[in-house]
Amino acid sequence: MAGAPVDLAGQMMQFITITPKTALAVAGIGFLGGTLSGFLGSGGAFVMTPAMMALGVPGISAVSSNLAHKFGKAMVGARKHSKMGNVDAKLGICMIIFLLLGVRLAVFLQKYIFASMGKTGSNLYISIVFVILLTGLSLFILRDLARSRSGGNNKGSTGTLKLAKKMSQIKIPPMVHFKVANIKISLWFPALVALATGWLAGTVGVGGFIGVPAMIYLLGIPTTVAAGTELFLAIFSGAFGSFQYALSGFVDIRLVLLLYLGSLLGLHIGANATRMVHETKIKLVMAIVIGMSAVSRAFAVPKYLNDLNYVSLSQTAAKVCDIAADITLFGGASVGAILILWYVARYRFGLGKQAQELESVGFAESSGH
Amino acid sequence: MSKKSKPSFVRTLVFLLSAAAAYVLIFLNIEKLNAFYLSKHIIPAISLLGTIVVVSYLYGNAVSCILGHLGIDSDH
């Protein structure tokens, strides 16, 4: 199935040709991403966007197809989550305008880079954003894990509460009281968080991994309300972003549907796994997947720089970077998915002592998932 | 693990067949559909997103029903 060419400001972009092998690979990527999304709460795009790029999908098409895939999933999921009562509608409405502004800015930048530097420039931009964000996030999770293990978690929590308290003391008008979140804060802080979340959603296909922690640690919003409000916002960022990209002809529906084949199945398996394992293991898997994804994109950067003639790499060096990027990406995602499947199998079939202990103390009910 | 009742066989079959039909129809007519979806206008863009939502609804429910029968359904 040949790909259709898309013309944008003189740049011709060809969607990839879908062979049975490619279709299976995309569905497999969807399964990995879905499993990780279900297990971690979000984050399938960490793996799905770079993995599609590794298959030869142009970065901008990978991001837009991923965003459309996320939008459909959010629409379906919202039906169930709307009954949770964890959404601060006032906060959400205040944030939407800035969120959409962030998405619009990201789409504008992507189109500009694609039009001026072509597919390789666009891939380079997306990869650099991934490297910076994922490295920071991975280090943050590892630090959190180390603190939990050394029993210093309370100190960390107090530190983050202090930060949120300091933010609430900065009285830049207008000061707004958000009832469900139970905070009174300058409107500009949620606006900045929304702008950053929207920009990330439009740039790499996922913004919640920054939006939720920012709402918790900077704005002092309770975790459940932050997660619920972010889900509410994700529908709008997904819809607006994918619509903007669809208007330019970047959304490849074949990729979106093939991703669904694996991701919706993986989503259920991953979500089930969260009931069966301790939070530290969830964080460990998260750190492995995110860290390896960051390393993978770091390996891809020299090749893009070489293609743009910014650096000069020998053919062997470029090939080695390419292979290393694929191995680290698919290796990290596979290790994450295998660990999750192992947790599920161990719990379901009573393998190992720990699984039996978890069941005997009713861990599934007490874990809060 | 899951305290929910299992979905009915008919419901599972309806969603499964509908999802399969949607996939077959779309992939058999992808050239014509893409010519429409990639025409860079508002109606094609909305239609593209609408198609995605419908397929995700049908296939998502089919997967949920099948996993429900296997006892590994989730609330997602």
Side-chain angles (χ1 to χ4, degrees), chain A residues 1-8 15 18 23 34 37-38 41 65 68-69 71-77 79-81 84 238-239 242-254 256-261 263-276 344 347-348 359 364 369, chain B residues 1-4 6-7 11-12 15-76:
Chain A
M1 205 178 298
V6 176
D7 178 21
L8 185 88
F15 283 154
I18 303 275
S37 268
S65 300
H69 160 265
F71 158 67
K73 222 167 54 178
M75 284 285 283
V76 175
R79 193 166 55 96
K80 287 178 180 174
H81 284 280
M84 285 165 64
S242 48
F243 178 71
Q244 291 288 322
Y245 281 122
L247 270 181
S248 299
F250 283 122
V251 180
D252 188 344
I253 193 169
R254 303 167 310 159
V256 180
L257 298 189
L258 287 170
L259 282 176
Y260 274 136
L261 272 184
S263 73
L264 293 179
L265 182 67
L267 195 69
H268 285 272
I269 293 172
N272 262 291
T274 58
R275 306 180 197 180
M276 305 162 195
V344 174
Y347 185 88
R348 289 286 299 164
E359 198 150 10
H369 290 290
Chain B
M1 197 169 75
S2 179
K3 289 172 185 171
K4 286 196 298 184
K6 285 187 176 180
R11 183 182 153 86
T12 308
F15 277 119
L16 199 60
L17 290 177
S18 308
Y23 267 89
V24 170
L25 274 174
I26 290 170
F27 275 93
L28 284 182
N29 298 289
I30 196 69
E31 305 287 339
K32 285 178 199 164
L33 283 172
N34 260 346
F36 172 65
Y37 288 145
L38 302 177
S39 56
K40 302 179 187 176
H41 294 294
I42 292 174
I43 302 292
I46 292 173
S47 306
L48 173 69
L49 298 184
T51 310
I52 289 169
V53 171
V54 170
V55 174
S56 71
Y57 175 77
L58 294 174
Y59 180 64
N61 274 297
V63 169
S64 180
C65 287
I66 292 168
L67 293 179
H69 282 290
L70 297 173
I72 50 173
D73 187 22
S74 76
D75 291 332
H76 283 65

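Proteins come first, then strands; the chains are lettered A, B, ... in the order of their sequence lines, and each starts at number 1.
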*A/Tyr245 and A/Ser65: side chain donor to acceptor below 3.5 Å*: no

*Which region of A/Val251, side chain (C-beta onward) or backbone (N, CA, C, O), has a non-hydrogen atom less than 4.5 Å from a non-hydrogen atom of chain B, or is it both or neither?*
both

Relative to chain A, which segment of [X] carries a heavy atom at a distance below 4.5 Å: side chain, backbone, both, or neither?
{"X": "B/Ile66", "value": "neither"}
{"X": "B/Ile26", "value": "side chain"}
{"X": "B/Ser39", "value": "neither"}

*asked:* One pair to check against side chain to side chain contact (heavy atoms under 4.5 Å, CB included): A/His69 and A/Leu257. What are the steps and the verdict?
replied: CA-CA 8 Å; A/His69 160 265; A/Leu257 298 189; over 6 Å; no

*Can you label the angle between the B/Tyr57 ring and the B/Phe15 ring as parallel, tilted or perpendicular, going by 30° and 60°?*
perpendicular

*List the steps and the verdict of side chain to side chain contact (heavy atoms under 4.5 Å, CB included) for A/Leu258 and B/Phe27.*
CA-CA 10 Å; A/Leu258 287 170; B/Phe27 275 93; 4.0 Å; yes

